[in-house]
Amino acid sequence: QVQLVESGGGLVQAGDSLRLSCAASGRAASSYSMAWFRQAPGKEREFVVGIGWSGGSRWYADSVKGRFTISRDNAKNTVYLQMNSLKPEDTAVYYCAATRSVVGGRGPGDFASWGQGTQVTVSS
């Protein structure tokens, strides 16, 4: 498994942009498919976006398509989530997740490794 550390969260206003980072460490970290999930208070953890190990495959939740972009730099073992046109409903703790066994996974059970999360708060 890999170890994941998220960073970049914060408090922004509606319409602003924010970029999250997820640094991965461990053997063959660059060979993992990665994803971002989020969890708002009182709600279940939900899939946001995923990316295959090479960056060639990306899959998005409908709620963020066109506003969020995932990318990765395998030389740095880091995955990024660029979030534009943020809305108050994007407020949540954002988690980075990794798996070696699934490309296109959207459920929390598809991912074996998780970061500790970073808070994103969007004010109206």
Side-chain angles (χ1 to χ4, degrees):
Q1 293 189 358
V2 293
Q3 292 74 49
L4 306 173
V5 178
E6 303 97 332
S7 61
L11 172 63
V12 297
Q13 293 186 334
D16 285 353
S17 298
L18 203 60
R19 190 177 81 157
L20 305 183
S21 299
C22 173
S25 60
R27 187 174 182 179
S30 62
S31 68
Y32 283 64
S33 292
M34 308 287 288
W36 288 94
F37 285 75
R38 66 187 181 186
Q39 188 166 18
K43 295 188 177 181
E44 294 185 352
R45 191 168 299 190
E46 66 172 354
F47 169 79
V48 177
V49 58
I51 187 168
W53 70 271
S54 69
S57 297
R58 307 179 191 190
W59 53 104
Y60 293 85
D62 289 342
S63 59
V64 305
K65 200 173 294 183
R67 299 188 299 122
F68 290 11
T69 302
I70 190 171
S71 61
R72 68 189 298 164
D73 184 341
N74 283 343
K76 297 181 178 180
N77 285 340
T78 301
V79 174
Y80 304 98
L81 179 62
Q82 178 66 43
M83 304 185 293
N84 298 330
S85 302
L86 282 162
K87 304 175 181 179
E89 51 263 44
D90 294 318
T91 295
V93 177
Y94 283 71
Y95 295 92
C96 180
T99 181
R100 295 194 69 176
S101 59
V102 174
V103 174
R106 292 174 179 262
D110 293 329
F111 294 84
S113 301
W114 293 84
Q116 82 289 349
T118 185
Q119 177 71 46
V120 172
T121 303
V122 184
S123 63
S124 57

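- From Gln13, atom CD reaches atom OG of Ser124 across 9.5 Å, with rounding to the nearest 0.5 Å.
- Contact check for Tyr95 versus Leu4: no side-chain heavy atoms found under the 4.5 Å cut-off.
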Contacts table for residues 105-112: side-chain donor-acceptor under 3.5 angstrom, sequence neighbours left out:
from, atom 1, to, atom 2, distance (Å)
Arg106, NH1, Tyr60, O, 3.3
Arg106, NH2, Tyr60, O, 3.4
Asp110, OD2, Arg106, N, 3.2
Asp110, OD2, Gly107, N, 3.1

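- Between Arg38 and Val120 the shortest side-chain heavy-atom distance does not fall below 4.5 Å.
- Looking only at distances, no side-chain donor or acceptor of Arg72 sits under 3.5 Å from a matching main-chain atom of Ser33.
- Taking the side chain as every heavy atom from C-beta outward, Phe68 and Val49 never approach each other to under 4.5 Å.
- Of the inter-residue distances, the one linking Thr78 atom OG1 with Met34 atom CE reads 8.5 Å to the nearest 0.5 angstrom.
- Asp62 and Lys65 are joined by a salt bridge, as a carboxylate oxygen and a charged side-chain nitrogen come within less than 4.0 angstrom of each other.
- In this structure a side-chain-to-backbone donor-acceptor pair under 3.5 Å is present from Thr91 to Val122.
- The closest donor-acceptor contact from the side chain of Arg45 to the backbone of Phe37 lies at 3.5 Å or more, if one exists at all.
- Glu6 places no side-chain N or O within donor-acceptor distance of the main-chain N or O of Thr118, the cut-off being under 3.5 Å.
- Around the CD atom of Gln116, the shell of radius 6.0 Å holds more than 12 heavy atoms that belong to other residues, nucleotides or ligands.
- Taking all atoms of both residues into account, the shortest heavy-atom contact from Ala92 to Ala40 is CB-N, 3.8 Å.
- Between Val103 and Ser57, the closest heavy-atom pair is CG1-CB, 4.3 Å.
- Crowding of Gln82 atom CD: a count of heavy atoms from other residues, nucleotides or ligands under 6.0 Å exceeding 12.
- Shortest non-hydrogen contact noted between Ser85 and Ser17 is N-OG, 4.3 Å.
- In terms of modelled atom types and a separation under 3.5 Å, the side chain of Asn74 and the main chain of Ser54 share no donor-acceptor contact.
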* Start with the C-alpha distance between Met83 and Asp90, add both sets of side-chain angles, then the distance that settles side chain to side chain contact (heavy atoms under 4.5 Å, CB included), and finish with yes or no. => CA-CA 9 Å; Met83 304 185 293; Asp90 294 318; over 6 Å; no
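- Put simply, Phe47 and Trp53 are part of two different groups of oily side chains (I, L, V, M, F, W, Y) that touch within less than 4.5 Å, one to the next.
- Note that CD1 of Ile70 is 7.5 Å distant from CH2 of Trp59, once rounded to the nearest 0.5 Å.
- Residues Trp36 and Ile51 have side chains not in contact (no heavy-atom distance under 4.5 Å, counting atoms from C-beta outward).
- Among all heavy-atom pairs drawn from Gln1 and Ser113, the shortest one is CB-OG, 3.5 Å.
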